[in-house]
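Start at 1 and go down the list; that is how both ligands and their atoms are numbered. In what follows, residues are counted from 1 in the order of the sequence shown.
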Amino acid sequence: MVGGFFPTPYPDECYYSILCRYFVRSGSAGYKPTVKKLFGNMQCLSTAIFFPMRLDCVERWIPKGTAITRKTIAMNHTMYPYLSMICSEKFRKDMAQVLNGRNSQKNFERTGTRRSYRLWPEYLRYCPRCVCEDKNLYGEPYWHRAHQLPGMVYCIKHRVRLMDSDVLARATNMTFYAASDQRLSEHDDNSIRDGYDQYKELFLRIGQESEWLLHHGMDIDWQFNFREKYMRLLREKDAATVQGVPDYDLISYHFNRYWGEEFLEILYTALNEAGDCVQELREARLRTFRPIHHILMMCFLKGSVKEFVECKVSENPFGDGPWPCQNPICMHYGTNTCQNSDLRYVNGVAIGFFHCEQCGMIYKQIRRKGKTGQLLIVEYGHIWKTELLRLLGTEKMTVKEAAKILKCSPSAIRWQKKKIGLTKKRTYVRRPPPYSPDVGPENYYKEQVLKFCKEYGEVMPTVLRRHAPGAYSYLCKHDYVWLREHMVYKKDLAEYRKQDYEILKKVQSAYEQIRKGGDTDKRITRGYIAKIAGLGKNTLVAGALKKPRTKIFIDSVIESKEDWLRRRITMIWEKQNGVPISLADIKREMSLHPNTFVEYKDFLKELMDELNDKTE
Ligand SMILES: [Zn+2]
Ligand SMILES: [Zn+2]
């Protein structure tokens with residue numbers, strides 16, 4: 001027992017803080033003698049902020065039979081419950097033994113210290129309101145455990161900003177800095193504006209989750225594969241394939257959307273690290289994952305650490321069986337009796353087959369993007385089929401009646417009938433031919449065509465098809481020449497012919513006009529003719545196709561680019577009166593696009609040679 005005045009720990013008081021208060025009570029004799037008195041040898045004190053170091057000394061400090069034990073120190077005054085999730089199974093076992101009275105090994109202490117390194121804040125933190133309350137309640141302030149947690153920016157109880165004290169965390173190594181010896185403000189400072197306040201709720205949430213871990217971390221069996229569980233849940237979010245292969249870009253996208261990229265950046269800055277939680281998922285054993293990364297990931301996937309820990313997610317994308325039987329006439333209908341008989345993965349989709357042993361029914365379902373699709377019956381099973389045969393055979397029911405009893409659609413029954421082989425052959429009766437054998441088809445159909453011609457003047461295929469079925473197809477095959485003579489296509493109808501002639505007349509006179517008084521420099525095109533003839537721009541382009549006579553005429557008079565170039569250049573050559581023509585002459589006389597000279601280089605050269613030959 002250490003002098004009989006070892007202090008009773010305050011609620012959520014940090015282990016280090018308890019030691020500091022002992023130091024003050026024992027008369028502040030200095031670091032070395034106090035540490036020696038407490039531990040029997042020299043110790044680094046910073047570890048006590050986070051880790052239950054040297055628990056073997058607890059019995060020397062505190063009389064047996066009090067409520068304070070190794071376990072209560074570790075659970076209520078260190079961050080071990082928060083940390084235990086990232087400890088190895090062996091370490092957790094060792095810890096359990098130490099808590100139960102075994103002496104701790106050097107190795108164990110060293111690992112624990114190392115585990116806590118990465119949690120260190122720069123300065124010890126405190127909440128001004130807590131300081132005020134503690135002074136009123138206990139007469140002195142103390143260092144709170146929760147305030148030193150990574151990512152803790154606000155006091156969860158008072159929802160105010162935590163403040164940095166003057167005590168550097170690394171300076172606690174060899175010094176007892178009791179909170180009562182520090183100048184700690186009792187007023188929250190509202191002047192701090194550093195980007196945290198707009199994310200206050202998110203920080204509080206992280207804080208609450210961290211505190212939840214402090215209170216429950218040691219009761220949870222962390223002995224499961226974190227990464228595997230993450231991947232299975234990511235599968236539900238469609239950020240990993242049904243087989244659990246992650247798509248890190250998608251995970252990043254969803255994760256950043258959940259927390260907000262700016263918040264994450266500020267949080268990482270507050271934690272003084274450059275890591276990216278999602279990128280660290282790549283590591284198979286998540287060695288670099290800290291509790292805060294797990295908190296971020298668990299909240300993202302399940303809303304909270306508690307939900308995550310409690311949720312069960314099976315390897316099978318369809319969950320843990322058995323699955324319900326879907327056969328309405330099976331005695332197990334709706335009860336979970338089906339086994340997953342097969343599981344296939346096709347193009348990112350999981351297809352599960354479920355089999356009821358009682359009735360033999362097999363159905364399948366697909367699962368993708370965390371959603372299960374409609375079920376499809378693959379095999380109806382012996383009970384259903386026997387009943388079907390009885391209903392249709394012995395009971396002589398219709399398909400509809402049987403469908404009602406079997407609680408399925410009539411089409412399902414028809415399909416099953418076919419599969420079983422219960423089909424009746426239907427005979428198709430051909431329609432008797434409309435002609436008598438002694439007349440024969442050819443004479444009969446020709447007679448009909450002639451009848452229509454007489455009646456309407458001319459006859460089109462559509463009319464024939466409607467009023468003399470068979471005639472068109474028969475004559476097409478057997479005497480097309482005759483048919484063509486007696487039938488007109490739509491574009492040949494009298495009305496269309498009239499239009500064609502009218503336009504042709506206009507076009508011809510327009511062409512004459514161009515020839516006599518038009519701009520001889522201009523190329524004769526459909527558009528040019530249409531303009532002179534006073535016709536719409538497209539009448540002679542698309543419209544001409546339906547007017548065969550106009551088309552023939554137009555095609556014969558319009559100029560191709562070569563025709564036009566030849567005509568124009570010949571005109572220039574004639575004007576020169578015997579002087580050989582050159583490219584410069586053409587450039588001067590005609591304003592051609594530069595590309596034309598490139599495109600028609602050979603043509604122009606040949607043409608000039610031809611003309612110049614005539615000159616000589
Ligand atoms: Zn507080
Ligand atoms: Zn069944």
Side-chain angles (χ1 to χ4, degrees), residues 9-14 17 76-77 121 123-165 167 179-180 182-190 192 196-197 200-201 203-212 214-215 318 321-342 352-365 375-388 390 405-408 412 416:
Y10 295 132
D12 197 47
E13 185 177 17
C14 177
S17 178
N76 304 330
H77 303 286
Y123 293 94
L124 292 188
R125 289 188 283 253
Y126 69 98
C127 158
R129 298 258 185 101
C130 286
V131 168
C132 187
E133 258 182 37
D134 295 342
K135 275 187 180 170
N136 287 336
L137 266 169
Y138 310 108
E140 60 179 336
Y142 59 91
W143 301 117
H144 283 243
R145 167 177 69 151
H147 296 165
Q148 321 307 329
L149 281 168
M152 203 55 114
V153 178
Y154 291 91
C155 170
I156 303 300
K157 187 176 174 192
H158 297 108
R159 298 173 63 86
V160 298
R161 263 299 287 275
L162 295 178
M163 293 168 83
D164 281 341
S165 70
V167 180
S180 54
Q182 302 303 311
R183 274 182 293 115
L184 303 182
S185 163
E186 289 176 45
H187 307 283
D188 33 307
D189 187 354
N190 289 322
I192 314 171
Y196 286 133
D197 44 342
K200 183 169 174 179
E201 292 309 317
F203 274 113
L204 281 168
R205 195 163 158 216
I206 301 271
Q208 279 154 357
E209 295 296 333
S210 306
E211 277 201 345
W212 188 88
L214 277 185
H215 296 131
F318 292 91
W323 292 265
C325 171
Q326 301 290 348
N327 184 356
I329 61 165
C330 171
M331 61 184 288
H332 288 154
Y333 177 57
T335 56
N336 292 340
T337 48
C338 286
Q339 294 304 316
N340 182 197
S341 56
D342 195 6
F353 291 79
F354 306 94
H355 176 223
C356 172
E357 271 176 25
Q358 178 70 24
C359 64
M361 180 178 273
I362 301 173
Y363 64 91
K364 72 172 180 181
Q365 274 185 299
L375 66 88
L376 206 90
I377 291 163
V378 180
E379 170 63 53
Y380 278 84
H382 58 274
I383 290 190
W384 193 91
K385 279 182 187 163
T386 314
E387 184 64 3
L388 175 74
R390 191 184 71 80
I405 290 180
L406 293 171
K407 296 193 178 68
C408 64
Q416 287 308 309

* So how far is it from L214 CG to L149 CG, rounded to the nearest 0.5 Å? -> 4.5 Å

* Metal-centred angle, the Zn ion (ligand 1) as apex - SG of C155, SG of C127, 10° resolution ->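 Once rounded, the angle between the two atoms at the Zn ion (ligand 1) is 110°.
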
* Does any N, O or S atom of C359, backbone or side chain, fall under 2.8 Å from the Zn ion (ligand 2)? -> yes

* N-O pairing of E201 and R159 below 4.0 Å -> yes

* Taking everything shown except K364 itself, do over 12 heavy atoms lie less than 6.0 Å from its NZ? -> no

* Name of the H158 N, O or S atom nearest the Zn ion (ligand 1)? -> ND1

* Asked: Using 30° and 60° as the class limits, which term best fits the ring planes of Y154 and F203: parallel, tilted or perpendicular?
  ->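 Tilted.
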
* Structure fact -> ang(SG C356, the Zn ion (ligand 2), SG C325) rounded to 10° is 110°

